[in-house]
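Any value given below was found using the heavy atoms of this structure, including those in side chains, with hydrogens, waters and symmetry copies removed. In this text, all values refer to a predicted model and were calculated from it rather than measured experimentally.
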Amino acid sequence: MKTIRLTVLPLLLVALLCGSAPGAGLEEKVREHTLKNGMKLLLVERRNSPTVAAWMRFRVGSVDERSDERGIAHLLEHMRFKGTRTLGTTDYRKEKPLLDRIEKTAQTLMAEKLKRDKADPKRIGELSRELGRLEAEAGNYAVKNEDSELYARNGGVNYNAFTGKDSTAYMVSLPSNKLELWAAMESDRLRNAVLREFYTERNVVMEERRRSYDANPDGKLYESFLASAYVAHPYGQPIIGWMSDIENLSRTKAESFLHRYYAPVNAVVAIVGDIDPQKTIAMVEKYFGSLPPGVPVPPVAAEEPRQTGERRVEVVEDAEPQMLIGFHKPTLPHKDDYAFDVIAMLLADGATSRLYRKLVVEQQLAADVSAFAAPGSRYPNLFVIGATPRAPHTVREVEEAIYAELERLKREPVTPRELARILNKLEATEVHSMSSNGGLAYQLTEYEATAGSWRYLVEHRGRVAALTPADVAEAAKKYLVPENRTVAYIKKREAAR
């Protein structure tokens, strides 16, 4: 989801971000450096505490997977915590032959299973038992969580990662005098990653899929919604992959994807906190400068065809009704994308927003309502409205009330009072999100990776503030139309009989 950012009182932002005199804005505080291998480094010096946040974001996410790779970026997020040739193992020299035998056995097992009705059950059983035996033997050499424990022993916190449609990020916060530990560990992870316990972890991800999507009505609704909204573009595919996708991911395939794309040319690093920028650049050059650049992630060639009629998806579940309504729209930095930043807050941000006031407070049709952009930002995305009907009201009642407010948005320009509220709320959100080292590192890497430059953070303010009420109304008229929408909702199982 794109994070909306705007600041209309830059003096307050500067005071919170930099702890310095008015006028020394964020643009002057960010130090940029690009290594010869393409790694982009963004540094912000903050001396308010002896800590540092280090974020490494790769410009690769689930949108960059081929059809036979779906789910691989998410699985690699798990696997990159399994260690390297020196970390996470008691003896890699002895472990390596076992890993090779595991891969050969797993490939044979997957090939047999793909025969489907013609597969030999006895052969599948034998291979499954052999795979389990080899994994158990290799597990004797594995040292679990050695990287996280090493960080923790040195004061590291918030060591984590996430995979999105557009990018994959890894982060940790450390005492500033331990930053070189981060450089040593992360450069080793780029150079010498070992995908040990791959098939064990693949089973973990399959269970995650069962729990979060197959057995979760909310997850199933969102997944069905995106799959219906996109017929050609990979934004319609789940980040975790479909179950059959995960079942057929191999370590060989994952290693190929890893070595191609998780490399300096696709990496954006932000280091924010108690640092000396010049010394930090020298340290990063020392540890990362000799790494091969890797392969730039190619742009997605598929373009979503223009939608020419409403699409509706009904998900029957033993759950209370919920709904999602999505409209295709441009992404940043298109002018209409900024208009939808305003529309999202105007409609559903806070108790005074139009949809919340009408549906939740006045008519009491819904228990809650939200509006946001999804599922990514690198390519044209969706403006989404979500709502939960309040019993005894139905999905259809809530849907009609939403459409009435959208028509009102087209007819009645946003008022000066509404704009002032939106600008104030956006300012507060931005200040809060960037007040911590980790928050600022997140924003810098997010926009460098998705918008092409972290300066989007600065430029966004003026571009949103320059919008007129007519601009907002025109965007609503252009995109919030029946033939451009996808509607997905949960129907309670009892009611479906």
Side-chain angles (χ1 to χ4, degrees), residues 60 62 64-85 88-145 161 163 168 189 192-215 219 223 227 234 237-262:
V60 56
S62 64
D64 301 297
E65 299 162 349
R66 298 190 303 255
S67 60
D68 64 337
E69 297 171 331
R70 287 193 290 257
I72 208 163
H74 174 259
L75 182 52
L76 275 171
E77 175 203 319
H78 287 236
M79 295 309 305
R80 291 188 79 243
F81 287 97
K82 295 296 182 178
T84 67
R85 296 179 184 179
T89 183
T90 58
D91 191 331
Y92 181 66
R93 184 180 61 84
K94 294 181 179 179
E95 181 188 29
K96 177 66 164 60
L98 281 168
L99 296 178
D100 292 342
R101 289 171 62 190
I102 286 171
E103 182 61 9
K104 182 178 179 180
T105 303
Q107 293 268 14
T108 305
L109 175 59
M110 285 187 287
E112 186 66 31
K113 287 182 175 180
L114 281 175
K115 295 177 182 178
R116 308 195 194 286
D117 292 344
K118 297 180 180 180
D120 182 348
K122 182 178 178 181
R123 179 67 171 150
I124 288 175
E126 292 171 348
L127 289 167
S128 297
R129 288 189 292 273
E130 176 65 4
L131 181 60
R133 185 190 69 77
L134 289 170
E135 287 182 315
E137 187 176 351
N140 293 326
Y141 296 100
V143 182
K144 296 183 183 297
N145 304 317
T163 306
T168 307
R189 183 151 63 163
N192 300 309
V194 174
L195 306 187
R196 56 177 55 89
E197 300 180 315
F198 181 87
Y199 295 99
T200 301
E201 196 65 29
R202 191 183 68 175
N203 289 337
V204 171
V205 172
M206 289 167 64
E207 180 57 34
E208 179 185 346
R209 178 173 172 95
R210 292 186 192 96
R211 183 180 63 252
S212 300
Y213 294 91
D214 298 341
E223 194 172 74
Q237 301 300 324
I239 293 171
I240 197 170
W242 303 107
M243 186 63 81
S244 59
D245 294 328
I246 304 169
E247 289 173 336
N248 288 287
L249 292 177
S250 68
R251 198 188 81 202
T252 299
K253 193 177 292 184
E255 286 174 339
S256 175
F257 196 85
L258 174 72
H259 295 148
R260 286 202 312 272
Y261 297 144
Y262 291 74

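Taken to the nearest 0.5 Å, the CG atom of Leu258 stands 11.5 Å off from the CZ atom of Arg251. Here the CG-CZ distance, from Leu134 to Arg129, works out to 13.0 Å after rounding to the nearest 0.5 Å. Rounded to the nearest 0.5 Å, atoms CD1 (Ile246) and CZ (Arg70) are 11.0 Å apart. Interatomic distance, Thr163 OG1 to Ile72 CD1, rounded to the nearest 0.5 Å: 11.5 Å. Put simply, CZ on Arg93 and OH on Tyr141 are 9.0 Å apart, with the number rounded to the nearest 0.5 Å. Separation of atoms NE2 (His74) and NE2 (His78) is listed at 3.5 Å; rounding is to 0.5 Å.
Between Gly71 and Glu65, the closest heavy-atom pair is N-OE1, 3.0 Å. When all heavy atoms are compared, the tightest approach of Leu131 to Ala106 is CD1-CB, 4.1 Å. Residues Ala73 and Ser62 share a closest heavy-atom pair of CB-N, 4.2 Å. Closest approach of Ala161 and Glu77 over heavy atoms only: O-OE2, 3.4 Å.
Using a 4.5 Å heavy-atom cutoff, the side chains of Glu135 and Ile102 are in contact. The side-chain heavy atoms of Glu197 and Lys144, taken from C-beta on, include a pair separated by under 4.5 Å. Under the 4.5 Å side-chain criterion, counting only non-hydrogen atoms from C-beta, Glu126 is not in contact with Glu112. Under the 4.5 Å side-chain criterion, counting only non-hydrogen atoms from C-beta, Leu75 is in contact with Phe198. Taking 4.5 Å as the limit, some side-chain heavy atom of Arg211 sits within range of a side-chain heavy atom of Glu208. With a 4.5 Å cut-off on side-chain heavy atoms, Met110 and Leu249 do not count as touching. Thr168 is not listed as a side-chain neighbour of Leu76, based on a closest heavy-atom distance of 4.5 Å or more.
Looking at residues two or more places apart in sequence or on another chain, you find a ring pair (Phe, Tyr, Trp, His ring centres under 6.0 Å) between Tyr262 and Phe58. Under the rule for a ring pair (Phe, Tyr, Trp, His ring centres under 6.0 Å), the partners of Phe257 that lie at least two apart in sequence or sit in another chain are Tyr261.
Side-chain atoms of Arg80 do not come within 3.5 Å of backbone N or O of Ala193 as any donor-acceptor pair. No side-chain donor-acceptor contact under 3.5 Å links Glu255 to the backbone of Leu195.
The 12-atom threshold is not exceeded at NZ of Lys113, counting heavy atoms of other residues, nucleotides or ligands nearer than 6.0 Å. Atom CZ of Arg123 is surrounded by 12 or fewer heavy atoms from other residues, nucleotides or ligands within 6.0 Å.
Taking a cutoff of 4.0 Å between a charged side-chain nitrogen and a carboxylate oxygen, Glu247 and Arg209 do not qualify as a salt bridge. Using a 4.0 Å cut-off between a side-chain N of Lys or Arg and a carboxylate O of Asp or Glu, Arg210 and Glu207 qualify as a salt bridge. Here Asp100 does not pair with Lys104 in a salt bridge; the nearest charged N to carboxylate O distance is not below 4.0 Å.
Checking each of Lys253, His259, Arg260 against Ser256 for a side-chain hydrogen bond (donor to acceptor under 3.5 Å, both in side chains) leaves exactly one that passes, namely Arg260. When the options Arg85, Arg101, Arg196 are evaluated for a salt bridge (charged side-chain N to carboxylate O under 4.0 Å, His left out) with Glu95, the one that passes is Arg196.
Side-chain contact annotation: Gln237 with Trp242, donor-acceptor N/O pair under 3.5 Å present. Side-chain atoms of Glu103 and Tyr199 form a donor-acceptor pair, as typed in the model, at a separation below 3.5 Å.
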